[in-house]
Amino acid sequence: MTKKNMHTFHIPVMGLAYTIDSPIRVAQYGISSVIALADDDLIEKMRNFYSTKFNIPYEEITQKFHDYRAQRITSYLNLVDKIVQEKFESFKTELTESKTALENFISMLPNTSDIKKGFQNLLDDGISFKENIKNYIESHLFPGEIDVNIMTKLDKDNFIKNEQLPIEFNDAHAALRGFANSNLESSVVLSAGMNPRLYSYFENFKDFFPNENNELKKKIILKVSDFRSAMIQGNFLAKKGLWVSEYRIESGLNCGGHAFATDGLLLGTILEEFKEKKEQLVQSAHELMIKALQLKNQHYPETPLKIKVTVQGGVGTSAEHEFLLDQYNVDSVGWGSPFLLVPEATSVDKETRKLLMNAKEDDFYLSNISPLGVPFNTLKGTSNEFFKQKRIQENKAGSSCPKKFLALSKEYDSHGICTASKKYQDIKLEELESMKDALSAKEFEKQQIKITEKSCLCVGLANASYLENNIKIKGQSQGVVICPGPNLAYFDQEVTLKEMVQHIYLGKSVIRTNDRPHIFVKELKMYVDYFRNEIQSVAGELSTAQIKKWNTFKTNLLEGIDYYQQLFSNSFYFKNDMQKIKNDFDMYKLELMEIKIPENKYIV
């Protein structure tokens, strides 16, 4: 039986905890969501929590177990799958027996849905209602996907004492094995760029290869920022006989969590290129995959398997959602941060959710708190910020680093140290102190902040689930790190799942402000600000390569603005806001033109 998506949106991965159990909460309604696999300790505690809640036998998988990380992940995913299936069966029964429940469910489906139309016809018919509804449900409804996310660069080497374990026990490798060994028939979302060793490891698991019916039990989704990256990564995997079933395009800056800025390529221009060249992507990968599977003496599909293109990052209104679907022919639109205000969908403690509701536009900012050294979207006033500043004031800067998932720096230890750890920051602060006489007071303070501003994301991004579910938090107080996209500034109230879904589909807006900028305008502003800050923050010698990069960045932004101006001059969308959107594009184009790129090799 071919599954047909009921919804045109999905809930992307958020942090470590925020979508850790989202499938249990929403999958019965056909809504797909993504679980982060980075933190096996959190995963094990959530397995314990849900086993207790649903009266399912539980036996702890401790760190003394061989391959404990992969085993924890497999066991949790199997548990989630079991609970989702049970909740889905109960939900189907409820729909059959309760006309009110059915009507409520129908009201959460998009108007374009054939399933919605089918239900409505049965309701209007009224003859043999219960039996017809039951048959229709059995043949048309499916639970949402239980997808997982692996950040490819979080692939830390692991050791037993001083002996390095084989590469398959690296963090990302073990996470992939945990998913591959699970009962799930879903997808793994690979984010944060290409990891050739990890990509090659996929070849060890038959579920990622097509069977005799040209079906994939487990699929690969690549989160990408541009077409070139998609082509390179897709072809790399195809040469191993592996198929990328979905390219998930994410806005470079207008998203939650880590922000991987493009070279000035704006979301609309990226989507346009995917729309124009999708067939090229399909054919290139298909030809390479066939050759690889023939060499492996494995079954291969005569015709290309299906490829989806989806988009996420910054969408906030029903009109934007519909526009992205229609204009760029994408298969789904990711709605992330707004769901942080939906208790039925995400795992967020009450204090943090209240902070999100009360936050204004200036409270959301692109920070340097990530130990990965990548810009990170976060929020002022978090409990994590409070505890971090308290330690700094007490001359105890840095985290105790209990989990070490981001202990990737080999600068002082071949096993790796996290730059947010006390161990690392003590060394750096001591080095800085030895240079104090050679630095101005202002420069000394700047360097000091650069060292101590890093936050313990491993603990901070997991604590919300512990707090929400009253699970004891051991060790040093880290509080909560939250990683919303800047779009959340315009959502200021807790809402039900039904209200958020109807906001997406029916335009029953839950936004109570009139000054929210268009998704493309907001992203453009962020890029102009980012570009200006990049130029202003550079000191010392400036290379020709850097000047060339900035010129490319500026050119791409200007071309992107021209594309938007042309696009909206012929658009039937956003008629009521069109003049404001055009004025905003003109304003940021002028701002961009006024930013001067240095031409000499030195900045004074």
Side-chain angles (χ1 to χ4, degrees), residues 7-15 17-19 22 25-26 31 33-34 108 250-251 253-257 259 267 311-324 332-367 376-382 461 464 468 480-523 525-526 574 576-577 580-581 584:
H7 292 282
T8 57
F9 77 91
H10 60 272
I11 302 176
V13 68
M14 287 186 278
Y18 302 113
T19 56
S22 289
R25 298 170 186 244
V26 303
I31 299 171
S33 57
V34 187
M108 290 174 61
E250 185 170 63
S251 170
L253 294 179
N254 199 15
C255 61
L267 184 61
V311 62
Q312 60 197 40
V315 64
T317 68
S318 175
E320 290 176 352
H321 180 85
E322 187 179 349
F323 168 74
L324 291 171
S332 179
V333 177
W335 283 70
S337 297
F339 275 98
L340 293 172
L341 298 182
V342 183
E344 294 165 81
T346 53
S347 182
V348 185
D349 60 289
K350 289 181 180 178
E351 181 183 340
T352 302
R353 191 171 274 127
K354 185 177 179 181
L355 181 69
L356 291 170
M357 285 189 288
N358 294 330
K360 307 302 179 187
E361 197 168 10
D362 291 343
D363 294 319
F364 296 85
Y365 70 106
L366 200 58
S367 73
F376 187 80
N377 275 307
T378 190
L379 177 66
K380 295 175 184 176
T382 62
L461 287 174
E468 184 196 32
V480 173
V481 175
I482 190 78
C483 51
N487 182 47
L488 195 56
Y490 314 104
F491 293 81
D492 62 357
Q493 60 181 320
E494 187 176 292
V495 296
T496 66
L497 179 64
K498 180 178 178 180
E499 287 171 333
M500 184 57 74
V501 173
Q502 291 188 338
H503 169 86
I504 294 170
Y505 289 147
L506 305 179
K508 293 184 177 180
S509 182
V510 299
I511 297 177
R512 298 187 291 191
T513 178
N514 294 321
D515 61 355
R516 179 188 174 276
H518 185 273
I519 176 176
F520 287 166
V521 171
K522 180 67 174 180
E523 186 195 40
K525 179 187 184 303
M526 294 182 75
F574 316 111
N576 293 336
D577 302 315
K580 183 180 184 306
I581 292 171
D584 286 340

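All figures in this text were calculated on a predicted structure; none of them were measured in a lab.
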(message) Check D584 with K580, please: is the shortest side-chain N to carboxylate O separation under 4.0 Å?
(response) yes
(message) Run L340 and L488 through side chain to side chain contact (heavy atoms under 4.5 Å, CB included) and show every step you take.
(response) CA-CA 9 Å; L340 293 172; L488 195 56; 4.2 Å; yes
(message) If you define the side chain from C-beta out and look only at heavy atoms, does anything of V480 sit under 4.5 Å from D349?
(response)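 Yes, side chains in contact.
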(message) Quick check: do T382 and L355 have side-chain heavy atoms less than 4.5 Å from each other?
(response)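 SC-SC contact between T382 and L355 confirmed.
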Which pair of non-hydrogen atoms, one from [X] and one from [Y], has the smallest distance, and what is that distance?
{"X": "V481", "Y": "L461", "answer": "O-CD2, 3.3 Å"}
{"X": "A259", "Y": "L253", "answer": "CB-CD2, 3.9 Å"}
{"X": "V315", "Y": "I519", "answer": "N-CD1, 3.5 Å"}
{"X": "A464", "Y": "V348", "answer": "CB-CA, 4.2 Å"}
{"X": "T346", "Y": "R353", "answer": "O-NH2, 3.4 Å"}
{"X": "A17", "Y": "S347", "answer": "O-CB, 3.5 Å"}

(message) Taking salt bridge (charged side-chain N to carboxylate O under 4.0 Å, His left out) as the definition, give me every residue that meets it alongside K354, ordered by chain and number, with sequence neighbours left out.
(response) none
(request) Sort and list the pairs that fulfil salt bridge (charged side-chain N to carboxylate O under 4.0 Å, His left out) and have at least one residue in residues 493-522, not counting sequence neighbours. (result) E320-R516, E361-K522, D492-R512
Just verifying a value: how many Å separate [X] [atom1] and [Y] [atom2], rounded to the nearest 0.5 Å?
{"X": "H7", "Y": "W335", "atom1": "NE2", "atom2": "CH2", "value": "14.0 Å"}
{"X": "I11", "Y": "S22", "atom1": "CD1", "atom2": "OG", "value": "5.5 Å"}
{"X": "N377", "Y": "I482", "atom1": "CG", "atom2": "CD1", "value": "12.0 Å"}
{"X": "I511", "Y": "Q493", "atom1": "CD1", "atom2": "CD", "value": "10.0 Å"}
{"X": "E322", "Y": "I504", "atom1": "CD", "atom2": "CD1", "value": "13.0 Å"}

Between the side chain of [X] and the main-chain N/O of [Y], is any donor-acceptor distance below 3.5 Å?
{"X": "R25", "Y": "P343", "answer": "yes"}
{"X": "S337", "Y": "G485", "answer": "yes"}
{"X": "H518", "Y": "F520", "answer": "yes"}
{"X": "Q502", "Y": "M108", "answer": "no"}
{"X": "S367", "Y": "F376", "answer": "yes"}
{"X": "N254", "Y": "S251", "answer": "no"}
{"X": "Y365", "Y": "P486", "answer": "no"}
{"X": "H503", "Y": "V510", "answer": "yes"}

(request) Test M357 against L341 for side chain to side chain contact (heavy atoms under 4.5 Å, CB included), laying out the working first. (result) CA-CA 7 Å; M357 285 189 288; L341 298 182; 3.6 Å; yes
(request) Could you list the residues that satisfy side chain to side chain donor-acceptor pair (under 3.5 Å) with T317, not counting sequence neighbours? (result)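 With sequence neighbours excluded, T317 shows a side chain to side chain donor-acceptor pair (under 3.5 Å) to no residue whatsoever.
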(request) Decide side chain to side chain contact (heavy atoms under 4.5 Å, CB included) for V521 and I581; before the verdict, give the C-alpha distance in whole Å, the side-chain angles of both, and the deciding distance to 0.1 Å. (result) CA-CA 7 Å; V521 171; I581 292 171; 4.2 Å; yes
(message) Using side chain to side chain contact (heavy atoms under 4.5 Å, CB included), reason through F364 and T378 one step at a time and then give a plain yes or no.
(response) CA-CA 6 Å; F364 296 85; T378 190; over 6 Å; no
(message) Would you say the rings of H321 and F9 are close, in the sense that their centroids are separated by under 6.0 Å?
(response) no
